[in-house]
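Taking it in order: structure first as structure tokens, then the write-up.
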Amino acid sequence: ISALVGVGALGALASLRLQRLQDKRLLLKQSLPTMLGDGDRADDIQVPVVAVRIHSASVPASAAAVGVQLRVKYGLPGECVRCDTEVSSVPAHRLGRRREPGVDVPMEATCLFVAHRSLGPRLRLRLLQGGRRLAGAEMRFESTSDMRLGESHVELLRGKDLVGDVRISVGVHLVRLAAL
């Protein structure tokens, strides 16, 4: 009988650990706005936030005229949180007959993510047009606290072909929830 109780206790403990893991994954998958919408939070808590500032993207003229957006993914594949910018474009009359390889599309957006070690210090960028991926880039850092990058140009590739680049800044900041 004691062996059965021991097995039952181990099963209950395993079930409890599995539930905690699922709760943790659910928490990590929350976007910052979802977390802030929770009325049961304490405003004096400080939260590490990964801030990705998207300044502009240099893209082919055909894509600039139709409109593009950037999807930023924070974390490992399958365990990431994403943020999509608004669709940005350059009016066709500003493009004229120029068909330069790179047209600068202003984006001016910021993606905020709750920083967490288990998500991995990785950012993945996806250039989208009409929901379809045109190009991408991946940025890996040593650790979450090392996720700092001054204003830089990151190349956007489709396979091995250069499609354009995006001008971004990355930083990790401790922010009081009340300030958000």
Side-chain angles (χ1 to χ4, degrees), residues 27-38 41 46-95 98 100-116 119-141 143-158 161-180:
L27 174 67
L28 294 177
K29 291 265 185 190
Q30 286 185 348
S31 66
L32 191 56
T34 303
M35 183 179 175
L36 294 175
D38 182 8
R41 62 180 168 76
Q46 287 193 335
V47 178
V49 173
V50 176
V52 180
R53 178 81 175 137
I54 300 107
H55 304 283
S56 63
S58 178
V59 300
S62 58
V66 175
V68 293
Q69 72 182 132
L70 197 69
R71 174 171 290 160
V72 180
K73 294 182 175 184
Y74 166 57
L76 301 170
E79 295 292 325
C80 65
V81 182
R82 76 178 197 194
C83 168
D84 291 346
T85 66
E86 295 290 322
V87 175
S88 300
S89 63
V90 173
H93 72 274
R94 282 194 35 219
L95 293 173
R98 298 180 308 166
E100 298 171 4
V103 175
D104 199 44
V105 177
M107 299 190 112
E108 299 305 327
T110 302
C111 293
L112 301 174
F113 304 99
V114 177
H116 201 280
L119 286 177
R122 185 183 298 189
L123 290 173
R124 290 176 291 143
L125 309 173
R126 303 292 183 254
L127 181 67
L128 306 174
Q129 185 176 45
R132 200 183 92 225
R133 179 180 168 174
L134 296 179
E138 185 169 319
M139 303 166 62
R140 295 179 186 207
F141 300 87
S143 68
T144 301
S145 61
D146 290 332
M147 294 182 77
R148 299 189 191 294
L149 180 69
E151 190 172 308
S152 299
H153 289 266
V154 177
E155 293 181 340
L156 297 169
L157 304 172
R158 180 178 22 217
D161 297 328
L162 179 64
V163 173
D165 66 64
V166 63
R167 191 167 52 95
I168 67 169
S169 305
V170 180
V172 178
H173 311 278
L174 267 180
V175 180
R176 281 190 38 225
L177 283 180
L180 299 171

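In this chain, numbering begins with 1 at the start of the sequence shown.
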- [ ] Please round to the nearest 0.5 Å and tell me the distance separating atom CG of Leu134 and atom CD of Gln69.
- [x] 10.0 Å

Task: Contact summary for Ser89 and Gly67, nearest pair of heavy atoms - done: CB-CA, 3.6 Å

- [ ] First locate atom CG of Leu125, then atom CG of Asp165, and finally report the distance between them rounded to the nearest 0.5 Å.
- [x] 11.0 Å

TODO: Examine the side chains of His116 and Thr144 and answer whether a donor and an acceptor come within less than 3.5 Å of each other.
DONE: no

Open item on the list: Could you check whether atom CD of Glu86 has more than 12 heavy atoms from other residues, nucleotides or ligands sitting under 6.0 Å from it?
Closed with: no

Task: Note, Ile54 side chain near Ile168 side chain (heavy atom, < 4.5 Å) - done: yes

TODO: Indicate the atoms forming the closest heavy-atom contact of Ala137 with Leu156, along with that distance.
DONE: CB-CD2, 4.1 Å

Task: Val52 side chain near Tyr74 side chain, heavy-atom distance below 4.5 Å - done: no

TODO: Could you grab the distance from atom CE of Met107 to atom CZ of Arg167, nearest 0.5 Å is fine?
DONE: 12.0 Å

Task: Arg122 CZ to Arg140 CZ distance, which is reported to the nearest 0.5 Å - done: 3.5 Å

Task: For Val154 against Met139, the heavy-atom pair lying closest together - done: CG2-SD, 4.0 Å

TODO: Write down the atom of Pro121, the atom of Ser143, and the distance for their closest heavy-atom approach.
DONE: CB-C, 3.4 Å

Open item on the list: Measuring from atom CG of Asp84 to atom SG of Cys111, what distance do you get when rounded to the nearest 0.5 angstrom?
Closed with: 7.5 Å

- [ ] Give a yes or no on whether the backbone of Val68 and the side-chain of Gln129 come within a donor-acceptor separation of less than 3.5 Å.
- [x] no

Open item on the list: Using every non-hydrogen atom in the two residues, find where Pro106 and Ser56 come nearest and quote the distance to one decimal.
Closed with: CA-CB, 4.1 Å

Task: 4.5 Å side-chain heavy-atom contact, Leu123 and Met147 - done: yes

Open item on the list: Is any side-chain heavy atom of Glu108 closer than 4.5 Å to one of His55?
Closed with: yes

- [ ] Report yes or no: does Ser88 contribute a side-chain atom to a donor-acceptor pair with the main-chain N or O of Val105 at less than 3.5 Å?
- [x] no

Open item on the list: When you compare the side chain of Pro77 with that of Arg124, does any pair of heavy atoms fall below 4.5 Å?
Closed with: yes

Task: Closest non-hydrogen atom pair between Leu127 and Val59, with its separation - done: CD2-CG1, 3.6 Å

